[in-house]
Number of protein chains: 2
Amino acid sequence: LPVIKIKEVAQLARVAPSSVSRVLNDHPDVSAEMKARVLQAADLLGYRPNFLAQSLRLGATRTVGFVVRDISIPLFAGIVKGAEQELENHGYSILLTNSLQNTELEAKHINVLRQRQVDGLILSLQSEVNAETFKALHNVDVPVVLLDRELSGLATDAVLFDHASGVREAVMALDKLGHRRIGLLVGSPETRSSRDRVRGFNIACEELRRPVGWDNMVRVGVTTPDAGAEATLSLLDLPLPPTALVAGDAQLGIAVLAALRERKLRPGRDVSVVICDDLELFRFLDPPMSVVFRDAEEMGAVAARMLVKRLGDASAPPLREMLPTRFIERASTGPPVGGPSPAPAKAKHPAAATSRKALV
Amino acid sequence: LPVIKIKEVAQLARVAPSSVSRVLNDHPDVSAEMKARVLQAADLLGYRPNFLAQSLRLGATRTVGFVVRDISIPLFAGIVKGAEQELENHGYSILLTNSLQNTELEAKHINVLRQRQVDGLILSLQSEVNAETFKALHNVDVPVVLLDRELSGLATDAVLFDHASGVREAVMALDKLGHRRIGLLVGSPETRSSRDRVRGFNIACEELRRPVGWDNMVRVGVTTPDAGAEATLSLLDLPLPPTALVAGDAQLGIAVLAALRERKLRPGRDVSVVICDDLELFRFLDPPMSVVFRDAEEMGAVAARMLVKRLGDASAPPLREMLPTRFIERASTGPPVGGPSPAPAKAKHPAAATSRKALV
């Protein structure tokens, strides 16, 4: 058994077994001295995680299935990488499927991976309410780790992003810059990421005591680039348009930028822009984009560790780990043109009342 | 057998079997009338490609393994999508592996997919000379389609990009703008894409009869972002630096942009830039990037069709299909500062001799 082997290495190195696994998993919080000691012990004992892994757990295939809802979403490259590096250390290979954001394919892929006898599943699902997916999951008899989704009635391990915290931070920062009318575009309400971003927005509104007038600037269910551009244009066409826009994901961010370009509005000067996701190229745009960052590789690594733990102990209660998101300010956010913008028509904020009069 | 079923649908709809498959594959060149007729016939006969697919070919798993060398390369999202849509129409699911650009993992993944009994393999390999990969492929007894690689001694179906044609076009266009010193950065010489880009560069040089002096501006084996930035800086530090740079892939393109930014040089004005690959965000950069475009989805679709054909006829000679690449001009390429730049020191071009004297 691998636990015993790790224990032997730990005993010889005179460290805790968890330290051995941290060293072998190349965890950053490990001293050079500790690392040298563990690697020497592992070497002396001939401990090879991969070699060992292959012959473990009679009947196991040493493969983990990973249902990715769309590999064209850059986030998943990071999640898969994080999971793969961690699982590789434990002797597992990953088999991926790509569901092309199609719920029917997603359910099919769960079945395909089950038939291919994977030892466990990591799932990035399109929706939280798809009946076919539920049916497919019902037949799964291996451990499952859910990524950033909540399925009611299904008690599995899960890794979630705290989208609300990053969006809240972004809105607070925009408010501090003087923005009183902030638009938010998010995807399907059937996914918790969208709902959580709206929640973060509302938390900020409550903290700022400017809750009311912003309601008409939150667009939920914007799931395609075209819909993103359209929603942006419709927000810009409001009598009192938003002076700042928060785009719920990278794709929506690009759609917002396309719409602003169409109107010849410059991000950061004419309209402030925050995108929920940090692509490398966002830093190369002019101006560089302010973003809500989430650590994709960390999500993959945490999910993989959960799955490995679960494969060793099926009876423990389901785990749920929440990863933070955070606002990173770059030049696409700045003060609104002409100083703090009046709040929208319905707002109770004094500035809003004034501007409403001015308009009427 | 599926062929007979398609024939039955074709007979009832009074169209050719190929038309049926075009309709079912949602081919664009199908009239609405034809589509309605075929779908009605398929409906009447209860023809369901997916349902049918499952029970076909005794012992077949209806899965295709796809070894992707690195899903973080955006190109692969397109290739996988193209292959998946095509294979899905034929009742196959794709199982992907992600090799993290690691040749050891790559060989392992070929074995994992073989053990999971896929019916065929599509391979995007890291290198063309890795012994472990060869060994793993030697044990594969299902059809293989190779993407953009040439493995000597291995007669398989292959889909290749004609990288040379697009790079040649780009260099010709740069020359027309007045550039006489053009730098080229490409990845590992162990992959045909790199070699083919250098070939395209050389073809242009020969056509322009300005072959000599450019040799010191071609950098081969630039495989990491850091190496890309370093190579760019070293080119800019030449006594007569290039006035235009061609980056062999998207990652190298970003590295070139980072290096130019470090030197406060603006693409398209101070130095012209062409990137071999078209990311959506390249169009949003200021200036938008000129690129060498390749159709990723088409490569995936062609590979899938080849594999399906091969699964139906193992004895046919191996096929090799070449897909074009082409130069798309945007604002990151413009005339060099101060008109046509003199050719580099070693060049026989008259302009070069003059400028050399001026320097000495």
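Note on naming: letters A, B, ... go to the chains in the order of the sequence lines (proteins, then strands), and numbering restarts at 1 for each one.
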With a 4.5 Å cut-off on heavy-atom pairs, point out which of [options] contacts chain B the most.
| options | answer |
| --- | --- |
| Asn102(A), Val80(A), Asp70(A) | Val80(A) |
| Val112(A), Thr97(A), Asn98(A) | Asn98(A) |
| Ser93(A), Ser72(A), Ala250(A), Gly65(A) | Ser93(A) |

**Q.** N/O donor-acceptor pair under 3.5 Å between Glu84(A) side chain and Ile94(A) backbone
**A.** no
**Q.** Carboxylate-amine/guanidinium proximity below 4.0 Å for Lys108(A) and Glu132(A)
**A.** no
(Q) Less than 4.5 Å to any heavy atom of chain B: does that hold for the side chain of Gln115(A), its backbone, both, or neither? (A) neither
Q.
Which atoms of Phe66(A) are under 4.5 Å from chain B, going by heavy atoms: the side chain, the backbone, both sets, or neither?
A. neither
Q | Heavy-atom check, side chain of Leu125(A) versus side chain of Asn130(A), under 4.5 Å | A | no
Q. For Arg283(B), is it the side chain, the backbone, both or neither that has a heavy atom under 4.5 Å from a heavy atom of chain A?
A. backbone
Q: Report the C-alpha separation of Gln101(A) and Ile73(A) in whole Å, then their side-chain angles, then the decisive distance to 0.1 Å, and conclude whether the side-chain contact (heavy atoms from CB on, under 4.5 Å) test is met.
A: CA-CA 10 Å; Gln101(A) 310 209 15; Ile73(A) 299 174; 3.7 Å; yes
Q: Return the set of residues passing side chain to side chain donor-acceptor pair (under 3.5 Å) with Arg266(B) (not counting sequence neighbours), or none when no residue passes.
A: Asp286(B)
